[in-house]
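Let me begin by presenting the structure, written as structure tokens, before commenting on it.
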Amino acid sequence: MQGEIMDIGLDNLLGETARIKVEGYRFVTISCVEINEIRMELLYHFDRNFQLKHLRLSISRDCRAPSISPVYFAAFLVENEIQDLFGIRFHGLTVDYDRTLYLEKDVKTAPFCKFAVVEKSPVCEEKTP
Amino acid sequence: MFEKILTRARMRSPWMLHFDCGSCNGCDIEVLACLTPVYDVERFGVVNTGNPMHADILLVTGTVNHRNRNVLRNLYDQMPGPKVVVAIGACGLTGGIFRQAWNVVGGVDRVIPVDVYVPGCPAKPEAIIDGVVMGLEKFMEKQHVDIS
Amino acid sequence: MTRTIIPFGPQHPVLPEPIHLMLTLDDEVITEAVPAFGFVHRGLEKLVEIRDFHQMIYVVERICGICSMLHAMCYCQGIEEMMGIETPPRARFLRVIWSELHRMHSHLLWLGLFADSFGFESLFMQFWKIREKILDIDEATTGNRIIVSVNVIGGVRKDLTLEQTRGILSELKSVETELKRLETTILNDYTVQNRTVGKGVLTAKQAYELGLVGPTLRASGVMQDARMLKYAAFDDIAFTPVVETDGDCYARCKVRFREVFQSIDLIRQAIGKLPNGEIAVKVKGRPDGEVTSRVEQPRGEVFYYIRANGTKHLERLRVRTPTFANVPALLTMLPGAGLSDVPVIVLSIDPCISCTER
Amino acid sequence: MIRHGILIAAALIFGPLVGGLISGMDRILTARVQSRIGPPLLQPFYDVIKLLGKEKVVVNVWQAFCANAYLTAASIAVVLLCLRSDLLLILFIQAVGSVFLVVGAFSSTSPYSQIGAHRELLQMLCYEPLLILVAVGVYLQTGSFRIAAVHALHQPMLLKLPFLFLVLGLVLTIKLRKSPFDLSTSHHAHQELVKGLLTDYSGPLLALTEIAHWCDTALLLGFCSLFWATNPIGALLLVAVTYLMEIWIDNVCARMNWRWMLGYGWGMGMALSLVNLVWLYAR
């Protein structure tokens, strides 16, 4: 894959994103990949003059991730999408559709997950940054 | 006598309403292309109204999903009778290549009754015009049902 | 008249596609605009579990009918990179020709719809009349008007004969003269300028930070075009992106109008340098690993993230389409605009909702 | 008396008929300008007959009443024009009809209809004063508001009131919903308000408003013809040229917004009228 990949954790996600923004990178998108029954992977893609940079965040399915939309406004759309399709909840979203971007109100499942998981309230929160 | 004139007028003045119900834009753009110089459906009196209250023919492109089915139903109910529904493209007929996707309900006829099916991926403008003309013939049949 | 709430869409004649904008109006001035999506969402990325990686070409082509060829091209280039396939030079030039034809038909379509958004119906008809010529070329060379389906992994499926390339060149000549005739109307007409100049302004800084792509970004003065990545045959073709600096709807119109001429030039160059040889190589093996792929679509840069695991089904296919990146711009441009400017501003980013929601 | 009866009947029949034919011709010519072939000449009549035969969906009784009132007022105005009655009276009745159309649109709950009605009111605010000024010009020229006095002239009015004729052309553009001014509703669908004012009129009610619109067209073109009242061929030519100009303007202009319309309509219209009136007065 083109560009450097950095593994990060929940606690330094926002810090890294802010640093990347200062370096002049633009937000491209977030890709969510389901690894197994418990783990999910969020890949944050950034771009500067066609040089890509990726942040790889491994996250437990029932964890709430911090939203990077306060840093990169454009991220709100894709985070809402992941919320809908993979069931990972984000907190601090600038515009929160609350899982109704694509889904109807009464849908509780996450349609893109192979391991059909019914949404339950997240049990772990990331520590204060 | 008046019935005859009315049927004739109906055949010659189909006002269409186009609803993109989740198509890939292929058929969608072809429907619009029908209005433009090369195909020019206004020759047959077809006018794109955009307002369900004024329309006679509903052209639906694309698959039905869980969210737009209500919109489609709503548009159909708002149209005053007699009305004809033309489903356009492989997706509008059965769901086409998307039928196994998770958010796809299937063809248009899962939600509203369809009178004419226009196949193709995307359907060509000629086929769409042909579908509209076949829809007009349905007006005749509907007319007879109304009278009897 | 005080506050009114207007539901703009999902069925609205100005936008052929179902997007829903909840507009709060204060005397025809918009105070708040909230977009709602989900009317076209089909969940195509999930189809990788049922369709194998060859069949997925046909699915990605139908993410959007207008940029279909470029979706397939981006996907194929990604898989080729992953499997280490070297596509033959002729295939790469042919890809450029068809992709630029696609860009032309998309831009002409947009120019027509844009003219229509400010009520210039005759201009709409003229642009779409020219567009039919491009579709005729597509139909003559590939067999279909819009979804041309020429890409396969390892090359292209169709070849161009000498006669066909001559035909393309002569058609392009007539397209060029007809477009030149429309230039004064779309760019210099008083009423058109009145409706577009100074509407929906985005500064270069705003556009860059919002992560916009394509003509929307270039109209704000940022020179960024994925064709600068020199994919396909772009390393052999002279190319400079079209840039305008005003950042309003008029500048976006100008960028797209100039890009049509640029595409004509690129096709001429590609046909002139078209090498002989194979058009596709045989593909053996299964893809493995992860890859990103980028291509400049008519609406901007499309971004593919593909992850495979050595089986014939991909593990994950993620598509970030240009409109997905451009939608946040709407939320900044719409508040403060008048109701009559809404269609103009919304269309100025060239929204493609079926791309956005997939 | 019998002569009057025949005249009234003729006005009631030929008013809408002529309006409809003109509308059909308009659609063909517009299509030709856009390099299309266009619908048959009788297309507007097919449309109206079809609309009359459609299912009746009445949003509210008030709206149905308004559609009928609009048609009544528009036909009375045409009848009065044929009877060579008072110009001010005709303009007043025509305005009443338009007001009914707007009130009907206001009575529905659809926001498109509401905003359309609002814009239509602004349009009326724009063109009504101009129409009155034209009538004043006619008065200054003939010494009477009666149309009969115009017919008694020996010289075409156009020669004395050229600028007022331009003002009338401006009003005509607004009234016919032609391109820079197709704000409240439009003939083709690609408008931000869809059908604006007419959104909630459907089926037979829409047919009534359509017929009334034909009457309006006939009335205004009749008004135009007064400017060359000395010779029927001259009048016909004048009307034809005016209408061709309207189609041309429609096809070379983008739609503007209402702020521009008020500014341009009032500024341009008032200036042209005043110049003409002062010239008439000074002479």
Side-chain angles (χ1 to χ4, degrees), chain B residues 1-20 31-59 74-84 125 129 136 139-140 142-143 145-147, chain D residues 20 23-24 26-59 63 105 108-110 112-113 116 185-207 209-210:
Chain B
M1 172 62 186
F2 183 68
E3 285 297 336
K4 223 170 160 185
I5 297 176
L6 186 60
T7 317
R8 217 176 128 76
R10 264 184 199 149
M11 299 274 291
R12 280 167 169 264
S13 160
W15 287 6
M16 70 172 221
L17 171 73
H18 167 227
F19 181 52
D20 173 349
V31 170
L32 275 185
C34 289
L35 303 170
T36 55
V38 176
Y39 299 99
D40 185 29
V41 281
E42 209 192 351
R43 281 177 298 158
F44 311 115
V46 177
V47 175
N48 183 12
T49 59
N51 179 1
M53 304 272 281
H54 295 175
D56 307 296
I57 293 196
L58 176 61
L59 302 179
N74 211 339
L75 286 174
Y76 181 75
D77 289 341
Q78 275 186 43
M79 283 169 61
K83 53 193 167 190
V84 164
I129 296 172
L136 293 179
F139 267 142
M140 295 275 269
K142 291 199 177 188
Q143 189 70 31
V145 174
D146 289 348
I147 296 165
Chain D
S23 152
D26 182 352
R27 282 176 70 173
I28 293 178
L29 284 174
T30 305
R32 293 293 155 91
V33 173
Q34 299 170 349
S35 19
R36 295 184 289 126
I37 293 177
L41 181 63
L42 294 181
Q43 188 60 44
F45 297 101
Y46 296 131
D47 288 348
V48 162
I49 293 171
K50 174 208 71 179
L51 284 172
L52 284 172
K54 280 205 79 134
E55 187 187 346
K56 202 168 181 177
V57 183
V58 181
V59 181
Q63 194 171 47
S108 88
T109 49
S110 151
Y112 288 128
S113 185
T185 179
S186 110
H187 291 298
H188 60 96
H190 291 231
Q191 226 264 29
E192 69 263 23
L193 290 181
V194 195
K195 276 284 176 185
L197 187 68
L198 300 175
T199 301
D200 273 351
Y201 290 100
S202 70
L205 291 186
L206 185 65
T209 58
E210 190 62 34

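These values consider heavy atoms only, across backbone and side chains, with no hydrogens, waters or symmetry-generated copies. Keep in mind the model is a prediction, meaning the values are calculated, not measured.
Residue contact with chain B, scored on non-hydrogen atoms closer than 4.5 Å, involves the side chain of D/L206 exclusively. Within the 4.5 angstrom heavy-atom criterion, only backbone atoms of D/Q34 (N, CA, C, O) approach chain B. In this structure, chain B has no heavy atom under 4.5 Å from any part of D/L52.
When all heavy atoms are compared, the tightest approach of B/R12 to D/P40 is NH1-CG, 4.3 Å. Considering all non-hydrogen atoms of both residues, B/P37 and D/S35 come closest at CB-O, 3.3 Å. Of all heavy-atom pairs between D/K50 and B/R10, the closest is CG-CG, 3.8 Å.
Contacts of D/Y46 classified as ring pair (Phe, Tyr, Trp, His ring centres under 6.0 Å), with partners at least two apart in sequence or in another chain: none.
Between the side chain of B/D40 and the backbone N or O of D/R36, no donor-acceptor pair lies under 3.5 Å. Proximity of a side-chain donor or acceptor of D/R27 to a complementary backbone N or O of B/E42 within less than 3.5 Å is not detected. Side-chain atoms of D/K54 come within 3.5 Å of backbone atoms of B/A55 as a donor-acceptor pair (strictly under, hydrogens ignored).
Between the OH atom in D/Y201 and the CE atom in B/M53 there is a gap of 11.5 Å [rounded to 0.5 Å]. Note that CD1 of D/I49 is 9.5 Å distant from OG of B/S13, once rounded to the nearest 0.5 Å.
The residue among D/I28, D/D47, D/V48, D/I37 with the most heavy atom pairs within less than 4.5 Å of chain B is D/D47.
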